[in-house]
Every structure is written in structure tokens, then in C-alpha cells.
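Structure first, then comments.
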Amino acid sequence: MENFDFYNPVNILFGKGKIAEINKHIPKNAKILMTYGGGSIKKNGVYDQVIDALDGYSITEFSGIEANPHFETLMKAVGIVRSEKIDFLLAVGGGSVLDGTKFIAAATYFEGDEWDILANRAPISKAVDLGAVLTLAATGSEMNSGGVVTKAATKEKKAFGNPLLFPKFSVLDPETTYSLPRRQIVNGIVDAYVHVMEQYLTYPVNSPVQDRFAEGILLTLLEEGPKGLASDTPDYENRANLMWAATMALNGLIGMGVKSDWATHMIGHELTAFHGIDHAVTLAIVLPGLLTKLKEQRGEKLLQYAERIWNITEGSDEERKTLAIQKTEEFFQSVGIGTRLSDHNVGQDSIDTISKRFLERGYVGMLPDVAVTDVAEILEARL
Ligand code: NZQ
Ligand code: ZN
């Protein structure tokens, strides 16, 4: 196992009715900016629960944070935070609202061009405190200190992060997810699945605890995902398990001391930036291509994955690895995702543009086994 520092200070308030407790975690004299998206929280009762819990507080609202939140939109909120002297941000929504709010927290005290936080990973030395009420289990943003923001003008989607951006608390009430459309439930299952794969399906470093945690999350998603999708009536236990699985997939724990990749995410972000394809869908497109390309290098972990997740124990190494990748793609398809670029009208011209971006950037993920020159081949295999 490799050396690591583990730090995660997020107070998780898990379960039904927990929104009512947020006032225990926000200073009474705080000036709050409540951030949210396009209005789902007004239809499903979450908005009312938050307002009730914050009776007596000074609250300003900022709505309209879009999916794959825009830098341009978030900078409007930064203006409000600065002019109204807001000192607490409360994000109510999915990963986009949470990420967007983290960016607002970071940009408020930033001196200089705020885009540098994203473009150049400019250091952040101070941030506004924030809390979150999660309504979509997928990204893990509720228990990590990172985010992803898009500059609409240039179609650039970039990640940022800083320990100052861990939420002070996050409410995970599975009932808030009851109003999710099927498409977003699917996105959550697949995003969480690929988060685990980015940290697990790399190279062995003798980390049985991390491996078995990761495998436990994958198996939970494979069991609970289809179970939840099979019925139109949400089941509390099912939603609770999916929610916790998604949080555990990206709160740092399974990534400690192991080799993490994130190349699938980096390539996927470009597909979202250029074509607006849902984040999770981009991952389901890219991952099978990436694993196929790395079948040799990542062979040991692929064989472990084949056996422990898919019970594949017979056949040659090559056959078992191929079958495990095939089963993974079939799972994504079984929940309704089109795993080919052609399913989303993306062609060679777009691959050329994306590949050029990586050549200019000079890196893909965190491991040297995916080179910038591989991006075209990975995507061409997914046409
Ligand atoms: O805007 P509203 O009206 O709230 O509607 C949203 C949005 O249209 C809707 N929704 C959310 N909760 C709902 C609901 N609809 C009904 N009932 C509810 N309870 O769902 C739509 C999608 O929401 P969004 O927040 O965009 O989805 P998700 O949570 O999948 O977040 C995706 C974003 O997170 C980033 C992605 O790149 C993408 O920008 N990620 C963040 C990560 C992180 N911070 O660690 C890691 C991930 O890999 C990912 O990159
Ligand atoms: Zn993701």
C-alpha cells in the first residue's frame, strides 16, 4: 500500500427527516445564501423542508444553477455573496448545485481572475463555509472537497478542489430522491460505479481493505440498482443503500493508498463539454474502450474484478478479461444507457477535436498508462 493522508471532516446527517436538523449546524447569526437548480426542490417539498428548518435565519436565494454548472452563472452568485456579505452557503440539489456552490465558496475571496481556479488550479486560501442538502445520489460531492465547472463560452469543463471546500455538513435523506426521473437514478448508479472503477481497476498495491470496500460498493450497485429501477414505487431501503453507496464511492476512503486513474472522467468531461451528454453516460461510453485498450497493463486487477464481481472463473486470462469488460458494458446498457458514441450522434470530427485538446493539455488521467495519443484510439473504438 502507498503512503497517504486521510482527512474528511464532513458531518453526514443521514436518513428521513434529517433536513429538519440543519439549524443545529448553521450559526444562528449566519447570513445564508441558499443555492439550487431549476426548481425540482420546489416540486418535491425539499424547498419547504429547508425553509421550515431555517425559520428565523436571514436567507437569500440563488436559483438556476444548471446541470454541469456554468462559470458564468456561478459568478453572478459570487457577486451576490460579496455584496450581501453572505457568510454561509447552503446548496440544495444534485452534484451540479453542490459543485457550483463549492466554486462560489472558493471564488468569493479569490483575488484575480476566478477562472484561474479552474484553468490553472490557482491556490485557494479562504472559502465561505458551506453545507449541503443532497437530492441526487451520484457524484459524492456531498462528502468530498472537489467540483467540476463548465465555461459555457469556450465549452471547457474543468475540475477544482481544496480541503476548505468540504461541506460542514451534508444531509442525505433518501426520500429526497423519490422524485428523481429514471434517467437521473440511472446516472447516479453508473457514475458511482465508475467512481469505484477509477480507484479500483488500476494496479495491485496489496490493499485488501480498499479492494474489498470497492468490491462491496460495486456489488451493492449491481444488486440495488436494477432492484430500484424495476419498480415505479420508490423503496426507502433501496434508495438509502444507493445513496450511501454513491457517497462511499467518492468520499476519498477507497482511494487512499491505491493508484487512482480518472482518465475515463477526463475524456468523459470533454464529451459533456462539447455535446451536453449527461456525465454518467459519457463514462459508460468511455470506460469499456479504456479497459479494452489497457487489458494487458491492468490485467491483474481486471482478472480480480472478473472473478469477484462477475464470478468469471473459467477460460483463458484473455477470455476472462474480455468477458468482464463485456459484462460491464452490458450492465450499463441494461439500465438503459447507449454506450456507443453513435448512440449520441458523435462522430470522428468530434474525436479529432477532443484528441487535439488532450495533445495540447499534455495529460489525460493520473497514471502514465493512458497517454494523450491514446485518446483518439479509445474513442474511435466507441464509435
Ligand atoms: O436543477 P433541478 O431542477 O434541481 O434538476 C436536477 C437536474 O436537472 C435534477 N434533480 C436533482 N435532484 C432531483 C432532480 N429532479 C427530481 N428530483 C430530485 N430529487 O437532476 C438533474 C441533474 O442534476 P445534476 O446535479 O446535474 O446531476 P448530478 O448529481 O449527476 O451531478 C452532475 C455534475 O456533477 C459533476 C459532473 O461532472 C456534473 O457536472 N461531478 C462532480 C463530482 C464531484 N464533485 O466529486 C464527481 C463526479 O465525477 C462528477 O464529475
Ligand atoms: Zn463522475
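Here the structure is a predicted model, which is why all the values come from computation and not from measurement. Indexing begins at 1, ligand by ligand and atom by atom, following the structure's order.
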Does any N or O of ligand 1 fall below 3.5 Å from an N or O anywhere on Ile41, backbone included? no
Main chain of Glu314, side chain of Glu319: is a donor-acceptor contact present, judged purely on distance under 3.5 Å? no
Can you check the angle at the Zn ion (ligand 2) formed by NE2 of His265 and NE2 of His195? Round it to the nearest 10°. 90°
For ligand 1, which atoms, with element, lie under 4.0 Å from some heavy atom of His265? 48 (O)
Identify whether the distance between the nearest side-chain nitrogen and carboxylate oxygen of Arg357 and Glu360 falls below 4.0 Å. no
Side chain, backbone, both or neither: the part of Asn144 lying under 4.0 Å from ligand 1 by heavy atom: side chain
Taking 4.0 angstrom as the limit and counting only heavy atoms of Asn44, give me the atoms of ligand 1 inside it, by number and element. 17 (N), 18 (C), 19 (N)
Surrounding NZ of Lys31 (heavy atoms of other residues, nucleotides or ligands, distance under 6.0 Å), is the total greater than 12? yes
So which of Leu180, Asn251, Asn187, Leu136 gets nearest to atom 18 (C) of ligand 1, if we judge by its closest heavy atom? Leu180
Mind checking whether Thr322 and Lys295 have side chains closer than 4.5 Å, heavy atoms only? yes
Check whether the side chains of Gln49 and Asp52 place a donor and an acceptor atom closer than 3.5 Å, and report yes or no. no
Show me which atoms of ligand 1 lie under 4.0 Å from any heavy atom of Ser179. 16 (C), 17 (N), 18 (C), 19 (N)
among protein heavy atoms, the one nearest atom 47 (C) of ligand 1 is His195 NE2, 3.4 Å
Nearest protein heavy atom under 4.0 Å from atom 8 (O) of ligand 1, yes or no: no
For His269, state whether at least one heavy atom is located under 4.0 Å from any atom of ligand 1. yes
Heavy-atom distance to atom 28 (P) of ligand 1: which of Ser63, Pro181, Gly95 wins? Gly95
Ring centres under 6.0 Å, that's the criterion: do Tyr57 and Phe88 meet it? no
Flag yes if more than 12 heavy atoms outside Lys24 fall under 6.0 Å of its NZ atom; otherwise flag no. no
In the protein, what heavy atom is nearest to atom 37 (O) of ligand 1, and what distance, to one decimal place, separates them? Lys157 NZ, 2.7 Å
Enumerate the atoms of ligand 1 whose separation from the nearest heavy atom of Gly146 is less than 4.0 angstrom. 44 (N)
For Gly37, counting its heavy atoms only, list the atoms of ligand 1 lying under 4.0 Å from any of them. 1 (O)
Atom CZ of Arg82: over 12 foreign heavy atoms under 6.0 Å: yes
Which atom of Asp191 is nearest the Zn ion (ligand 2), counting N, O or S only? It is OD1
If you measure every N/O of Thr177 against every N/O of ligand 1, is any gap under 3.5 Å? no
Take Glu84 and Thr60, measure what side chain to side chain donor-acceptor pair (under 3.5 Å) needs, and give me the verdict at the end. CA-CA 9 Å; Glu84 302 292 318; Thr60 305; 5.0 Å; no
Enumerate the atoms of ligand 1 whose separation from the nearest heavy atom of Leu250 is less than 4.0 angstrom. 45 (O), 46 (C)
Could you tell me whether Gly38 and ligand 1 have an N or O pair separated by under 3.5 Å? yes
Closest approach of any protein heavy atom to atom 10 (N) of ligand 1, naming residue and atom: Ser40 OG, 3.8 Å
Non-hydrogen atoms of Lys43 versus ligand 1: any pair closer than 4.0 Å? no
Below a 4.0 angstrom heavy-atom separation, can you tell me which part of Asp99, side chain or backbone, both or neither, approaches ligand 1? side chain
Regarding Asp369 and Lys259, does a basic nitrogen lie under 4.0 Å from an acidic carboxylate oxygen? no
Atoms in ligand 1 with a heavy atom of Asn68 nearer than 4.0 Å: 38 (C), 39 (O)
So which heavy atom in the protein is nearest atom 49 (C) of ligand 1, and how far is it from that ligand atom? His279 NE2, 3.3 Å
Closest heavy-atom approach to atom 12 (N) of ligand 1 among Thr150, Val97, Val92, Thr135 is made by Thr135
Sub-4.0 Å heavy-atom contact, Gly140 with ligand 1: no
May I ask you to check whether over 12 heavy atoms, not counting those of Asp113, lie within 6.0 Å of atom CG? yes
Considering distance alone, does some N or O of Lys102 sit under 3.5 Å from an N or O of ligand 1? no
Atom indices of ligand 1, in the order listed, that fall short of 4.0 Å to a heavy atom of Ala67: 26 (O)
Could you find the nearest protein heavy atom to atom 42 (C) of ligand 1 and give me its residue, atom name and distance? Thr139 CB, 3.7 Å
Which residue owns the protein heavy atom closest to atom 21 (C) of ligand 1, what's the atom, and how far is it? Gln184 NE2, 3.4 Å
If you count every heavy atom of other residues, nucleotides or ligands that lies below 6.0 Å from Lys158 atom NZ, does the total exceed 12? yes
Whether Glu142 side chain and Ala132 backbone form a donor-acceptor pair below 3.5 Å: no
At what distance is the nearest protein heavy atom to atom 32 (C) of ligand 1, and which residue and atom is it? Ser96 OG, 3.7 Å
Would you name the heavy atoms of Ser141 and Gly146 that are closest together and state the gap between them? OG-O, 3.9 Å
Report yes if the side chains of Thr220 and Met248 come closer than 4.5 Å at any heavy-atom pair, otherwise no. no
Transitively linked via ILVMFWY side-chain contacts under 4.5 Å: Leu13 with Tyr236? no
Does Lys155, at its NZ atom, have more than 12 non-hydrogen atoms belonging to other residues, nucleotides or ligands within less than 6.0 Å? no
Work out whether the distance between some heavy atom of Gly147 and some atom of ligand 1 is less than 4.0 Å. yes
So do Pro167 and Lys102 actually touch side chain to side chain, heavy atoms under 4.5 Å? yes
